[in-house]
Amino acid sequence: MGEHYPVTLVRLRYLARFHRLPNLKNPIDLNEKILYLKLFTDTSEWTRLADKYKVRDYVRSCGLEDILIPLYGAWEHVEDIPFDELPQTFILKANNGDGKGTNLKIDKAKMKDEDWDALKKTLSNWLSQKHIGALSAEPQYRGIKPKILAEQLLETDEGQPSLIDYKLWCFNGEPHSFLVCSDRKENGHDTSLGCYDLDWNYHPEHLMESERYPIAKNPLPRPQCLEKMKELARVLAKGFPEVRVDFYEAQGKVYFGELTFTSLGGMMNYYSPEYLQAMGKHVTIKKS
């Protein structure tokens, strides 16, 4: 349905989540503008940039190769992955994944024979997913050829149970605000959320509490690379009416995570309606 009747699917899913239909003719809030962009504009460039493997070339073309997480390899078949040659610890990712259940931390010292068998089955399942965005009518994932990536495992900062994900919203090429994920669970889904402005003031009032996405009780320390992230985001987001540029910070260095064009498929329910409208005002859509 997402491939052949995307507008109908979006309307039905939006109605089920928000109990109203989205305004797709004259979109107002950020969700509606994301929906409009993915349904009615050219998203062909999104396909290249949503691919966690090919986006690395884009980052290099922007002169920012130094912020890429070191890559050990990329494979289209599980049997081609040289596990014996990989380091003791690393992270596996699906290049067409959305980060929810398609990232795995590997410590070979803790792996038993049955764990390797289970891992290979999981990776085979990842590679079988040809269009993960079908259920959310996200066209950018349709053209991505599945691969498994092995990257260096970044170390978490002292006192943090998981790597902090700094998601910097950019509208018309300019940074706007941060959505920050911390205390992420092993399943890749559940995480605490924080909302920060560009000066790192904490704004929990812009978020909606949920079991899956609890609001962080206390603000996080200001990242060392805050200004660097904003500088980098301006380069990577140039030319796009809306994109989220995701970063990590490890040992005082900033690393590129990914570019996200359709956050939660354009159906984010962890922001307040008022803040979604406020953010939407910053997104300029040129209608044909």
Which residues share a ring-ring contact (aromatic ring centres under 6.0 Å, His included) with Phe178, sequence neighbours left out =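 Here the qualifying residues are Trp200.
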
Check ring-ring contact (aromatic ring centres under 6.0 Å, His included) between His282 and all other residues, then give those that pass, not counting sequence neighbours.
->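 For His282 the ring-ring contact (aromatic ring centres under 6.0 Å, His included) partners, ignoring immediate neighbours, are His176.
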
Could you pull out the closest heavy-atom pair between [X] and [Y], with the gap in Å?
X	Y	value
Leu71	Ala150	CD1-O, 3.3 Å
Thr156	Leu163	CG2-N, 3.3 Å
Pro146	Trp126	CB-O, 4.4 Å
Ala237	Val245	CB-CG2, 4.2 Å
Val78	Ser124	CG2-OG, 3.5 Å
Ser263	Ile34	N-CD1, 4.4 Å

Please examine the side chains of [Y] and [X], heavy atoms only from C-beta on, and report whether any two atoms are closer than 4.5 Å.
X	Y	result
His203	Asp197	yes
Val10	Met267	yes
Asn31	Arg17	no
Ile215	Leu193	no
Leu123	Leu119	yes
Trp116	Lys108	yes
Tyr213	Leu207	no
Leu68	Tyr255	no

Hey, does the side chain of [X] reach the backbone of [Y] with a donor-acceptor pair shorter than 3.5 angstrom?
X	Y	value
Lys33	Ile285	no
Asn172	Thr284	yes
Tyr196	Leu220	yes
Arg142	Thr47	no
Asn96	Gln129	yes
Gln152	Pro70	no
Asn95	Leu149	no

Can you tell me how far the [atom1] atom of [X] sits from the [atom2] atom of [Y], to the nearest 0.5 Å?
X	Y	atom1	atom2	result
Lys120	Phe83	NZ	CZ	6.0 Å
Phe240	Phe171	CZ	CZ	14.5 Å
Cys195	Leu179	SG	CG	7.0 Å
Leu35	Leu30	CG	CG	9.5 Å
Thr89	Leu86	OG1	CG	10.5 Å
Leu259	Lys52	CG	NZ	10.5 Å

Can you name the residues that form a side chain to side chain contact (heavy atoms under 4.5 Å, CB included) with [X], not counting sequence neighbours?
X	answer
Glu114	Lys112
Pro214	Ser192, Glu209
Leu232	Leu64, Ile67, Lys228, Phe247, Val254

Residue pair Arg212, Tyr270: steps toward the side-chain contact (heavy atoms from CB on, under 4.5 Å) verdict | CA-CA 10 Å; Arg212 181 176 176 183; Tyr270 41 73; over 6 Å; no

Identify whether the distance between the nearest side-chain nitrogen and carboxylate oxygen of Glu151 and Arg56 falls below 4.0 Å.
->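 Salt bridge between Glu151 and Arg56, a charged N being under 4.0 Å from a carboxylate O: yes.
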
Apply salt bridge (Lys or Arg N to Asp or Glu O under 4.0 Å) to [X] and list each qualifying residue two or more places apart in sequence or on a separate chain.
X	result
Glu249	none
Asp29	Arg20
Arg48	Glu45
Lys230	Glu227

Pair Tyr141-Thr262, side chain to side chain donor-acceptor pair (under 3.5 Å): steps then yes or no = CA-CA 11 Å; Tyr141 294 108; Thr262 52; 4.9 Å; no

Indicate every side-chain donor-acceptor pair of residues 274-281 with a distance under 3.5 Å to a residue at least two apart or in another chain.
| unit_1 | atom_1 | unit_2 | atom_2 | d |
| --- | --- | --- | --- | --- |
| Tyr275 | OH | Ser177 | OG | 3.3 |

Can Tyr36 and Lys25 be said to form a side-chain contact (heavy atoms from CB on, under 4.5 Å), step by step?
-> CA-CA 8 Å; Tyr36 183 92; Lys25 185 176 181 180; over 6 Å; no

Determine whether more than 12 heavy atoms belonging to other residues, nucleotides or ligands lie under 6.0 Å from atom CD of Glu155.
->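 Open: at most 12 neighbouring heavy atoms sit under 6.0 Å from CD of Glu155.
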
Does Asp113 CG have over 12 foreign heavy atoms under 6.0 Å away?
->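 Open.
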
[X], [Y]: one ILVMFWY side-chain cluster at the under-4.5 Å cut-off?
X	Y	value
Val235	Val243	yes
Leu236	Leu198	yes
Met268	Tyr166	yes
Leu21	Leu12	no
Leu264	Ile28	no

Only pairs at least two apart or in different chains count here, so list each ring pair (Phe, Tyr, Trp, His ring centres under 6.0 Å) that has a residue in residues 43-77.
->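 Qualifying pairs, neighbours excluded: Trp46-Phe261.
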
Show the atom names and distances, to 0.1 Å, of all donor-acceptor pairs under 3.5 Å that link a side chain in residues 37-44 to residues at least two apart or in another chain.
| unit_1 | atom_1 | unit_2 | atom_2 | d |
| --- | --- | --- | --- | --- |
| Lys38 | NZ | Ser136 | O | 2.5 |
| Lys38 | NZ | Gly265 | O | 2.8 |
| Thr41 | OG1 | Leu37 | O | 2.4 |
| Asp42 | OD1 | Ser44 | N | 3.0 |
| Asp42 | OD1 | Ser44 | OG | 2.8 |
| Asp42 | OD2 | Ser44 | OG | 3.4 |

